[in-house]
Amino acid sequence: MKSYSLLNLIRHSFSRHENWPRVWRSPQPKESYDVVIVGAGGHGLATAYYLAKNHGVTNVAVVEKGYLGGGSVGRNTTIVRSNYLWDETSFLYEHAMKLWEGLSQELNFNLMFSQRGVLNLCHNLQELRDTARRVNSNKLNGIDAELLNTRQVAEIVPILNTSPNIRYPVLGASYQKRGGTARHDAVAWGYARAADARGVDIIQHCEVTGIQVENGEVTGVDTTRGVIKTGKVALAVAGNTTVLADMAGVRLPISTHPLQALVSEPIKPVIDSVVMSNAVHAYVSQTDKGELIIGAGIDSYSGYGMRGSYAVVEETIEAVVEMFPIFSRLRLLRHWGGAVDICPDASPIIGKTPVKGLYVDCGWGTGGFKSTPGSGWVYAHTIANDQPHELNAPFTLDRFVTGELIDEHGAAAVAH
Amino acid sequence: MLYIDCPYCGSREETEFSYGGEAHIARPLSPDQLSDEEWAHYLFGQTNTSGLYRERWVHTAGCRRWFNAERDTVTYEIKSIYKAGEKPPGSGD
């Protein structure tokens with residue numbers, strides 16, 4: 001792997017930057033691998049990287065039906081935070097947050113990680129009380145959190161409409177200063193480059209069409225580029241998880257929904273933090289290019305179509321314009337959708353399945369991006385040892401039978 | 001925006017309706033006899049089909065009656081609408 005450094009930058013300037021090596025290889029699939037990860041998105045690539053780095057498992061293939069980073073990792077609104085309510089979720093996301101803080105250096109890839117602060121607004125008394133509870137819970141778990149009043153919110157986000165006479169007045173907010181954004185594509189590329197350098201084969205345009213199971217054990221996968229033998233198959237395919245799990249006869253409590261986002265035309269810097277509102281279901285941040293990134297909520301109906309209804313977009317824009325009247329005449333440049341895997345308790349499932357050698361990392365719903373490093377870390381541990389890491393031990397598939405659900409609904413998981 | 005043909009009111013915009021998830025999930029007849037696994041399957045074991053899906057809708061801002069639809073979850077095209085209690089068209093069962 002060619003290091004990205006000032007020295008190499010100067011060196012390559014003599015050849016007009018035309019001779020930089022390819023960032024990752026495009027190998028032909030081998031006949032067999034120790035582990036086949038399905039899905040070259042953030043989670044899949046992070047898992048491959050930590051398998052190689054933490055566990056020395058390098059005979060790994062990451063197969064991807066489309067192109068690397070073309071799914072949810074390239075479609076989210078890039079927000080990173082760890083201020084969840086329950087201990088299990090807090091520890092998992094905080095582990096990810098700590099990894100984010102050193103990740104650009106570790107991967108030698110600029111992830112444009114920006115800890116600009118995340119505000120979660122409260123619009124009514126109950127929400128304010130719930131938020132106070134969550135802030136206290138965060139503090140007890142060693143996660144930075146503050147409860148702000150209206151005036152403090154207005155100081156951080158002067159363009160926010162904090163008038164008491166609007167439909168959803170801002171009564172306060174939770175504030176996580178360490179939260180922020182990271183460039184989502186760079187996360188996929190950075191992990192891909194680092195995993196490839198450690199010997200992981202990333203095979204794009206290779207769709208899994210079947211999972212071979214014999215006597216309750218995984219023996220391989222059928223793909224559009226032939227059969228690949230393996231004893232371990234790890235799914236990291238977000239909205240398509242149930243489609244693949246069904247191939248192995250595993251039923252998951254996941255439903256797939258469209259989730260949409262929008263980007264405005266670029267403007268001068270007006271907002272230097274991330275503002276999220278669960279009640280009106282909108283969230284806004286500004287990219288370094290100056291575009292506003294606006295996230296909407298999921299469509300109520302299930303759907304794999306990577307697009308949603310305009311009614312959801314309209315609601316989101318109404319909310320954003322009420323919160324930020326200054327945006328009312330902005331034009332939107334792009335609008336897209338993705339397919340997210342919604343779990344009944346709004347917490348992920350990371351672990352083993354009834355089929356030996358088949359692992360799932362799914363149910364992240366609308367909030368998978370922020371967890372990418374942490375998810376990869378614990379998932380790699382689970383695959384390498386055939387045992388969950390202590391951080392993902394509570395996030396079993398079995399919890400839907402035992403009733404030990406981790407209910408993050410309403411607490412922190414409506415908007416991501 | 002979907003247009004949904006309510007069997008009682010006719011074609012209306014999607015925003016008048018609420019979604020009810022997968023259709024034809026039978027309630028357990030003797031709930032006290034169920035094991036934990038069977039309960040979990042009843043509560044969380046819905047299919048998540050990519051393709052033709054039978055699902056429930058309710059006309060919340062209209063007649064407030066439930067009905068079923070067959071919809072393609074990839075193209076979102078609604079193939080057929082039928083009343084609650086009716087057999088799905090072309091199902092043969």
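Residue numbers begin at 1 in each chain, while the letters A, B, ... track the order of the sequences.
- Ranked by non-hydrogen atom pairs under 4.5 Å with chain B, the options A:Gly239, A:Gly303, A:Ala339 are led by A:Gly303.
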Between chain B and chain A, which donor-acceptor atom pairs come closer than 3.5 Å, counting both backbone and side-chain atoms?
unit_1, atom_1, unit_2, atom_2, d
A:Thr242, OG1, B:Asn48, ND2, 2.9
A:Arg251, NH1, B:Gly45, O, 2.3
A:Ile254, O, B:Asn48, ND2, 3.4
A:Thr256, N, B:Asn48, OD1, 3.1
A:Thr256, OG1, B:Asn48, ND2, 2.8
A:Ser302, O, B:Arg71, NH1, 3.3
A:Ser302, O, B:Arg71, NH2, 2.5
A:Ser302, OG, B:Tyr19, OH, 3.3
A:Tyr304, N, B:Thr73, O, 2.7
A:Tyr304, OH, B:Asn48, O, 2.4
A:Tyr304, OH, B:Asn48, ND2, 3.1
A:Gly305, N, B:Tyr76, OH, 3.1
A:Arg307, O, B:Tyr76, OH, 2.7
A:Arg307, NH2, B:Thr75, O, 2.9
A:Ser309, OG, B:Glu14, OE1, 2.7
A:Ser309, OG, B:Glu14, OE2, 3.2

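- Residues passing the side-chain contact (heavy atoms from CB on, under 4.5 Å) test with A:Ser264, sequence neighbours excluded: A:Leu292, A:Leu330, A:Leu332.
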